[in-house]
Amino acid sequence: MSRYSATEIEAKWQEAWDKAGIFTANHKADKPKYYVLEMFPYPSGRIHMGHVRNYTMGDVIARHKLATGHNVLHPMGWDAFGMPAENAAMAIGGHPKDWTYGNIADMRSQMKPLGLSIDWSREFATCDPEYYGQQQALFLDMLQAGLVYRKNAVVNWDPVDMTVLANEQVEGGRGWRSGALVERRELTQWFFKISDYSEELLDALNTLENWPAKVRLMQENWIGKSRGLQFGFERVDSGEPITVYTTRPDTLMGASFVGISPDHPIAKQLEAENPEVAEFVAECRKGGTTEEAIETAEKLGYDTGIKVKHPLDPNWELPVWIANFILMDYGTGAIFACPAHDQRDLDFCRKYGLPVVDTFFALDNDTPVDKTAFVPPKTEKVRWVNHFAGLTDATGDDAINTTVDFAEKAGWGEGVTKYRLRDWGLSRQRYWGCPIPVVHCESCGVVPEKNENLPIRLPDDVTFDKPGNPLDRHPTWRDCACPSCGAPSKRETDTMDTFVDSSWYFARFTAPHAETPTDLAEAEYWMNVDQYIGGIEHAILHLLYSRFFARAMQITGHLPKKAIEPFDALFTQGMVTHEIYQTRDANGRPVYHLPEDVTDGKLADGTEVEIIPSAKMSKSKKNVVDPVSIISAFGADTARWFVLSDSPPERDVEWTASGAEAAFKHLNRVWNLCDKIGAMDPEAKGDGDQDLLREMHKAIHDVTLGVESFGFNAAIAKLYAFTNTLAKSKAGAAAQKQAIKTLAQLMSPMTPHLAEDIWAHQGGEGLIATAAWPVADEAMLVDDTVTLPIQINGKRRAEISVPKDMDKAEVEKIALSTEAVQKALDGAAPKKVIVVPGRIVNVVV
RNA sequence: GCGGGCGUGAUGGAAUGGUAGACAUAUCAGACUUAAAAUCUGAAGGGCGUAUGCCCGUGUGGGUUCGAGUCCCACCGCCCGCACCA
């Protein structure tokens, strides 16, 4: 009997697939296409179990589609620009380019043994000049189409990475990568006009039926549409209006003061004139220092002394305050405060002794507001005591609509729609990114580079011994001729946010070597991505940017109209977790231990470790298992099988040594089963051929359903069960052989190497990878005889065995004659009998 | 605060409104072995009982239904996302 040697067969079949070129995507044949894509990795240098899970899921889909007669596009690339390469250069010397390409080579060599059905001929890295040159071309087209612009803006400055960050890249006041507290600076930056597409990006979410509802909702909240009233408060001194935006215009009679942002033009003017204001505004800009401080930040205000007139009563004057909680880039940067119905306004007014006026009460309670603002749901009816349009009992929603109509008719305000989504600032003061292809000329201003000069390559001779951008201090790279007038000029030294790189790579995969960003014929054939798979952490940033880029690329003629939503279906997979093993050092500080150093809760020297519940694998907690060592111990098939088997794919899966071993043992069992069946006399007859084949068809049905609906764990459970059935079967050689070949086919998306070897051993034709996927025979899915449970009043009391097509009346008769039913009836007639054919019988007594 | 999701054995988890706990882990017992490992066979939600069996059981409480883990309402707990957004 031969032994299952994963190392041997995996290398053998990977070579065979390569040689046959079966994973090379090809659009010539007359078959439907299928584009499956997993989010491409950052080349950190090591693959981790998360990658294994992500790519295995995509591979299962890709291989299944290949076996069901599709032209499959399943590419792989590298999201290769970004800070870590520069950090490495600063920390250990060397060049970001060498570091990155070295990592790519390492990771590729770790990934290849997984046996993924990837078309490696389409591989690229975003730091390839061939790729980023096309990105520059795309940028220039977008510039011409008015989708990119430059403006002076208050931006988030990361003092550690020494670069600006987009709003989406600031989490809790800290840089998403460095974790440093973000400062606010005013700089001239490049922006993508994503906010022009707010409404469309929001509307189109409804068409993304095969996206998780959670992701759509997160994007909806992020875009943040609101409807409200915009109007002016007239200044008493100058007669100039201060324009405010409010979503609760119905509370205007409860207005207590007008508030403006510290960045509002009026505040800026006062700042210049008045040192006291300057000091206050500076204090506001500093902001909090910790996350808690930001959450519980004290409301700060400064009374400017300016008075404005209430739009409904020229004799009613309100003070104008500068308040630290008002954001300049939302609405108009100015508000009116209604403390009775807004907790934040109430806190502010109580602090500074400003009036609090109730405008409505609950229908059954008219207690004036004291410390808690009265903010009922807008759908709840309330009783108005202070409204200008004569409202009495109405819901908030009705009151808002009535008020907007009233203001529009009276001509002092207009209903407007606002979005929270702001334009995407793409300038980064970094070296290792795609250079922005523009030139600054003293006479011509900002001039786009000529297309024939692309790519604008990054210079290789740079140093990282000083903080800041090496491009900025390079002696010659900046020098160039103005593309317009030819005069000596300076290049832009900012590079693009790396999210730009990942916003169109999926389109580039359709023609990775085209001389233009895309090849429209190829894009027309391969787009859209039929199934996209990645982490939920990209729910907003990457996916929203990509949706914007798909629109921009359509406008600039690089993608067909049908690709406006580039990802037909999205699946967000869970993480791979592991227990954490901890001891403490002499000072009581935690010390973590690698799983491979812990046996039965003890270290090699016998020290007991504390076991902390599973968390995402991370190097700092040392709860990591290296795919490379798993593959060398058990083989890729075992790793692939295990990451899919234990949990539903959208949930986290806990890596356990026992689970991985169990997966390995099971594959051995299947191997031995194949050996055993192979050794049978081909003419041997046995018992229960039909039963085995029936189970085989049920397995085909269930596994296919599982694979097609991301029920990988359920599919694998069915494969376990069918293997157990086959192992115990006494059927004849022909039936067993058919069963093991089918089992191999059903396993082939998950464990492709083992499946291939079994196929060959059992005399299967060609490669199993390209063999037609088995189809279940409907007639074989139902047993001739079915076991029906008999319920009495909904509780199971007995079972009967009847032919599958016996009619209801007959089933009822048999059910009623059972001992349990007779006993329960005790001579009386049943009140009701429900017979669900093939399912159940319920007798009500 | 706003929004969303989830609560099933010791554990991960199965169950188109139709026999709850498939499949797997851990556990226990048996076979093989001088012994162990490996492998194979079997047991196993809780309680009572020698047993045929009976009672209870999917976070808690109600409801709809012949029948609810699944649908509806309320509550409790946990997780995630967003958040001075006017």
Side-chain angles (χ1 to χ4, degrees), chain A residues 171-172 212-222 224-226 228-229 244-249 251 259 261 287-288 294-300 323-327 329-338 342-345 347-348 375 377 418-422 536-537 539-540 577 614 642 645-648 650-663 665-666 668-669 672 702 705 711 713-724 727-728 787-799 820 830-836 838-845:
Chain A
E171 294 165 357
K214 183 185 170 75
V215 173
R216 285 182 296 173
L217 194 71
M218 281 166 75
Q219 292 211 354
E220 185 183 324
N221 291 338
W222 189 263
K225 181 177 182 173
S226 70
L229 184 73
V244 301
Y245 171 72
T246 180
T247 55
R248 291 307 298 260
T251 64
S261 161
I294 289 161
E295 270 166 30
T296 59
E298 180 82 0
K299 311 268 174 292
L300 296 176
N324 65 340
F325 60 83
I326 303 172
L327 308 172
D329 43 14
Y330 188 81
T332 61
I335 61 158
F336 78 81
C338 177
D342 183 299
Q343 190 61 43
R344 185 195 52 201
D345 292 347
D347 293 344
F348 189 92
V375 193
K418 299 267 183 202
Y419 300 90
R420 183 177 167 273
L421 182 67
R422 276 156 270 159
I536 186 78
E537 65 273 21
I540 295 171
T577 66
S614 243
F642 179 65
S645 67
D646 252 26
S647 291
E650 68 276 13
R651 258 190 255 178
D652 291 352
V653 64
E654 181 176 21
W655 183 277
T656 60
S658 56
E661 272 165 40
K665 284 181 193 172
H666 179 71
N668 271 285
R669 256 195 305 275
N672 293 335
D702 291 359
L705 200 68
N713 59 325
I716 285 181
K718 187 68 199 177
L719 288 168
Y720 269 110
F722 180 53
T723 307
N724 293 342
K728 286 177 187 149
T787 304
L788 288 186
I790 308 298
Q791 292 185 334
I792 296 168
N793 291 340
K795 284 179 189 278
R796 196 187 72 87
R797 284 293 182 264
E799 271 179 8
K831 274 194 194 147
K832 194 170 178 181
V833 181
I834 295 109
V835 179
V836 183
R839 280 287 184 190
I840 205 163
V841 180
N842 191 13
V843 181
V844 186
V845 300

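Reminder, nothing fancy here: chain letters follow the sequence lines and each chain counts from 1.
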I'd like to know if Lys718(A) reaches the base of C23(B) with its side chain, counting only an N/O donor and acceptor under 3.5 Å.
no

Provide, to the nearest angstrom, the distance between the [atom1] atom belonging to [X] and the [atom2] atom belonging to [N].
X         : N      : atom1 : atom2 : result
Arg248(A) : A86(B) : CZ    : P     : 11 Å
Glu537(A) : G81(B) : CD    : P     : 11 Å
Leu788(A) : G67(B) : CG    : C1'   : 15 Å
Trp222(A) : G3(B)  : CH2   : P     : 19 Å
Lys665(A) : C23(B) : NZ    : P     : 18 Å
Asn793(A) : A68(B) : CG    : P     : 11 Å
Asn724(A) : A24(B) : CG    : P     : 5 Å
Arg651(A) : U8(B)  : CZ    : C1'   : 11 Å

Measure across [X] and [Y] and return the closest heavy-atom pair with its distance rounded to 0.1 Å.
X         : Y         : result
Ile540(A) : Gln219(A) : O-NE2, 4.0 Å
Arg839(A) : Pro789(A) : O-CD, 3.2 Å
Ala663(A) : Phe642(A) : CB-CB, 4.0 Å

Of the candidate nucleotides [options], which contains the atom at the shortest distance from the side chain of [X]?
X         : options                : answer
Leu217(A) : A83(B), A24(B), G3(B)  : G3(B)
Ser647(A) : G13(B), A86(B), C40(B) : G13(B)
Ser658(A) : C66(B), A26(B), G42(B) : A26(B)
Arg420(A) : C85(B), C23(B), C84(B) : C85(B)
Ala721(A) : C82(B), A86(B), C23(B) : C23(B)
Asn221(A) : G3(B), G18(B), C85(B)  : G3(B)
Asn842(A) : G18(B), C40(B), U19(B) : G18(B)
Tyr720(A) : G12(B), G13(B), C23(B) : C23(B)

Ring geometry between Tyr330(A) and Tyr245(A) (parallel below 30°, tilted from 30 to 60°, perpendicular above 60°)
perpendicular

Looking across every strand, which nucleic acid part, if any, lies under 4.0 Å from [X] by heavy atom: base, sugar-phosphate, or nothing?
X         : answer
Ile790(A) : nothing
Thr656(A) : nothing
Leu327(A) : base
Asn668(A) : nothing
Ala714(A) : nothing
Gln791(A) : base
Val844(A) : sugar-phosphate
Gln343(A) : nothing

Below 4.0 Å: OP1/OP2 of [N] and any side-chain N or O of [X]:
X         : N      : result
Arg797(A) : C55(B) : yes
Tyr330(A) : A86(B) : yes
Arg839(A) : G17(B) : no
Lys214(A) : G4(B)  : no

Tell me which of Glu650(A) and Gly333(A) sits closer to the 5' end of RNA chain B, going by the nucleotide each one is nearest to.
Glu650(A)

Please tell me which of Lys728(A) and Val653(A) maps to the more 5' nucleotide of RNA chain B, matching each residue to the nucleotide holding its nearest heavy atom.
Val653(A)

Which glycosidic conformation, syn or anti, is assigned to G9(B) if syn requires a torsion within 90° of zero?
syn

Tell me which nucleotide, if any, is Watson-Crick or G-U wobble paired with [N] when both distances must be under 3.5 Å.
N      : answer
A43(B) : U27(B)
C6(B)  : G77(B)
G1(B)  : C82(B)

Please answer whether the main-chain N or O of [Y] pairs with a side-chain N or O of [X] as donor and acceptor at a distance below 3.5 Å.
X         : Y         : result
Asp342(A) : Cys338(A) : no
Asp702(A) : Lys718(A) : no
Arg422(A) : Arg420(A) : yes

Distance between [atom1] atoms of [N] and [M] (Å, rounded):
N      : M      : atom1 : result
C73(B) : C23(B) : P     : 35 Å
G57(B) : C48(B) : C1'   : 15 Å
A31(B) : A37(B) : P     : 14 Å
U64(B) : C56(B) : C1'   : 24 Å
G17(B) : G63(B) : C1'   : 16 Å
C66(B) : U11(B) : C1'   : 36 Å
G12(B) : U8(B)  : P     : 8 Å
U58(B) : G49(B) : C1'   : 26 Å

State, yes or no, whether a side-chain contact exists between Ser645(A) and Asn713(A) at a heavy-atom distance under 4.5 Å.
no

Please examine the side chains of Leu788(A) and Ile840(A), heavy atoms only from C-beta on, and report whether any two atoms are closer than 4.5 Å.
no

